[in-house]
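The chain is numbered in sequence order, starting from 1. The structure displayed is predicted, hence computed values, not measured ones.
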Amino acid sequence: MRSSNGSTNPAIRYEADEQCPLWMSLSVGLQGTVFALAPLVLVVAITARAGGQDEGYLSWAVFASLVISGCLTALQGSRFWRFGAGNLLIMGTTPNFVAVSVLALAAGGPPLLASLVVVGSLSYLALAIWLPLLRRIITPVVSSTVLMLIAVAVLPIALDRVQEVPQGASIAAGPTVAFITLAVVVCLALRTAGAWRLWSPLIGIGAGCGVAILFGIYDFQRVIAAPWVGLATGYTPQFDLTFSPGFWALLPVFVVVALVGGIKNIGDNVAIQQASQRSPQVTDYRRVQSSLNTNWLGILSSGIAGTPPTTVYSSTSVSLVNLTGVASRRVGYVIGACLIVLGCSPNCRRYCSLFPPRSWAPT
């Protein structure tokens, strides 16, 4: 959509405030759920494993993240008081906090992570309240630079996981699985367009899992033995209220990452508003602020649950709208309900905990 010349976007079949048929809402909602599930679970699994946590915490973190993401995805599609953008915005566990979350888990476990996320969420709330002032301080150049540095900081964590395979497995198993996964994702992202590009992360994960099966490092037994319905009981959320030196050392990083992510989320909301309309319209910053409030609620809820923070998956949301032409908020309700149902399935949580392939022992 090019607002500079007043052109329209006829590809949009249903705008955000229009009600599309139920069958279409279900179809697009299921696609959106699949697109969001892979990065959400990967971020949680990598963070928990790299932080040295056991299976009980991982199962709880997947459960809590799916339920929180589902509830807030539905809330983003509504307009409730000062929450919700009224647009199709998929929420999920953000990769921005992976590096600092791993440090928090390694230093003080989930209680320290919970305290840091809750206190750090106050900076995000401040951004939502004092939006005009902070936008002048944290410019797009500053936020983009910090986001690139965050990506660089995550690389060592990802590379460390490559060598962690079950005892007795080939030393080539980890690097081979990682290489095939990365190669498939990169090739699809660079050489394809439309639906294939949107499916590239999931296809890459599927290819990597296939290679893991060939190496014998993929265990289906836990999935087969797990029940289909039930809540996670392997961990009880706690807070570290001692405010140790580790807390004060990591808190500034949480605050900076939260503020930078908030500035990025402003652009995300502007993009989804434009992508959801047939004709260019002026950005509604009241909706932007309501969406930021919802993001803050996601970070706060994640902190209370002791899991990595949850915010908007902007690229997935915009890509889903551009691909299907459906921007109706009904789709957000469907995606939210699907994520909650998946979170309440122990079988799904066990299956999700196998991404990346097991079996990693906390170090």
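- Note on Leu342 and Leu26: separate hydrophobic clusters, where clusters join Ile, Leu, Val, Met, Phe, Trp and Tyr whose side-chain heavy atoms are under 4.5 Å apart, directly or indirectly.
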Residues Leu30, Cys338; criterion side chain to side chain contact (heavy atoms under 4.5 Å, CB included); working and verdict: CA-CA 7 Å; Leu30 290 175; Cys338 289; 3.8 Å; yes

Check against side chain to side chain contact (heavy atoms under 4.5 Å, CB included), Glu15 and Arg278: CA-CA 7 Å; Glu15 294 186 351; Arg278 298 188 186 91; 3.4 Å; yes

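- In this structure, Phe239 CZ and Leu116 CG are separated by 11.0 Å, a value rounded to the nearest 0.5 Å.
- Side-chain atoms of Ser121 come within 3.5 Å of backbone N or O of Val118 as a donor-acceptor pair.
- Residues Phe243 and Phe254 fall within the same hydrophobic cluster, defined by Ile, Leu, Val, Met, Phe, Trp and Tyr side chains chained together at heavy-atom separations under 4.5 Å.
- Looking at Leu58 and Arg49, their side chains come closer than 4.5 Å, going by heavy atoms from C-beta outward.
- Asn269 and Ala85 make their closest contact through OD1-CB, 4.0 Å (heavy atoms, listed as atom of the first residue, atom of the second, distance).
- When hydrophobic clusters are built by joining Ile, Leu, Val, Met, Phe, Trp and Tyr residues whose side-chain heavy atoms come closer than 4.5 Å, directly or via intermediates, Val184 is grouped together with Phe179.
- Both Val34 and Val62 sit in one connected hydrophobic cluster of ILVMFWY residues. Membership requires side-chain heavy atoms under 4.5 Å apart, directly or through other members.
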Derivation of the side chain to side chain contact (heavy atoms under 4.5 Å, CB included) call for Asp240 and Phe247: CA-CA 9 Å; Asp240 183 356; Phe247 173 88; over 6 Å; no

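- Proximity of a side-chain donor or acceptor of Ser319 to a complementary backbone N or O of Thr316 within less than 3.5 Å is not detected.
- Remark: side-chain polar atoms of Ser27 are not paired, donor with acceptor, to backbone N or O of Trp23 under 3.5 angstrom.
- A donor-acceptor pair is defined here as one N or O able to donate and one able to accept, closer than 3.5 Å; such a pair exists between the side chain of Thr73 and the backbone of Met91.
- Taking every heavy atom of both residues into account, Pro308 and Thr47 meet most closely at CG-CG2, 3.8 Å.
- Linking Ile, Leu, Val, Met, Phe, Trp and Tyr whenever their side-chain heavy atoms come within less than 4.5 Å leaves Val334 and Leu89 in two separate clusters.
- Using a 30° and 60° split on the angle between ring planes, Trp296 and Phe83 fall in the parallel class, below 30°.
- The backbone N or O of Thr294 lies less than 3.5 Å from no partner atom in the side chain of Gln76, so there is not a single donor-acceptor pair.
- Residues Leu251 and Val119 approach most closely at CD1-CG1, 3.7 Å, considering heavy atoms.
- Side-chain contact check for Leu40 versus Ser65: some heavy-atom pair is nearer than 4.5 Å.
- The only option from Val321, Thr324, Val318, Val326 that meets the side-chain contact (heavy atoms from CB on, under 4.5 Å) definition with Leu88 turns out to be Val321.
- Counting only distance, with no hydrogens or angles, the side chain of Tyr313 and the backbone of Thr93 share a donor-acceptor pair below 3.5 Å.
- Across all non-hydrogen atoms, the minimal contact from Ala107 to Leu112 is CB-CD2, 3.9 Å.
- Annotation: side chain of Val28 is not in contact with side chain of Arg330 (no heavy-atom distance under 4.5 Å).
- To the nearest 0.5 Å, the span separating CG on Asn295 from CG on Leu300 amounts to 12.5 Å.
- Ion pairing of Arg329 with Glu18 is absent here, as no side-chain N (NZ or NE/NH1/NH2) approaches a carboxylate O to less than 4.0 Å.
- Here the OG1-CZ distance, from Thr307 to Phe63, works out to 11.0 Å after rounding to the nearest 0.5 Å.
- In terms of heavy atoms, Gly109 sits closest to Gln53 at CA-NE2, 4.2 Å.
- The heavy-atom pair separating Asn87 from Ala16 by the smallest distance is ND2-CB, 3.5 Å.
- A distance of 11.5 Å separates OG in Ser291 from CG in Leu297, rounded to the nearest 0.5 Å.
- Side-chain contact between Val117 and Phe97 is absent, with no heavy atoms from C-beta onward closer than 4.5 Å.
- Panel note: side chain Asp54, backbone Gly56; a donor-acceptor pair is recorded below 3.5 Å.
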Test side chain to side chain contact (heavy atoms under 4.5 Å, CB included) applied to Met24 and Tyr14, step by step: CA-CA 10 Å; Met24 185 173 292; Tyr14 296 95; 3.4 Å; yes

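- A donor-acceptor pair is defined here as one N or O able to donate and one able to accept, closer than 3.5 Å; no such pair exists between the side chain of Asn96 and the backbone of Gly261.
- Annotation: the span from Arg79 atom CZ to Asp17 atom CG amounts to 9.0 Å, rounded to 0.5 Å.
- Counting only distance, with no hydrogens or angles, the side chain of Ser115 and the backbone of Leu241 share no donor-acceptor pair below 3.5 Å.
- Checking side-chain atoms of Thr94 against main-chain N and O of Pro309 turns up no donor-acceptor pair under 3.5 Å.
- Between Trp60 and Tyr57, the gap from one ring centroid to the other reaches at least 6.0 Å.
- To the nearest 0.5 Å, atoms CD1 (Ile340) and SG (Cys71) are separated by 4.0 Å.
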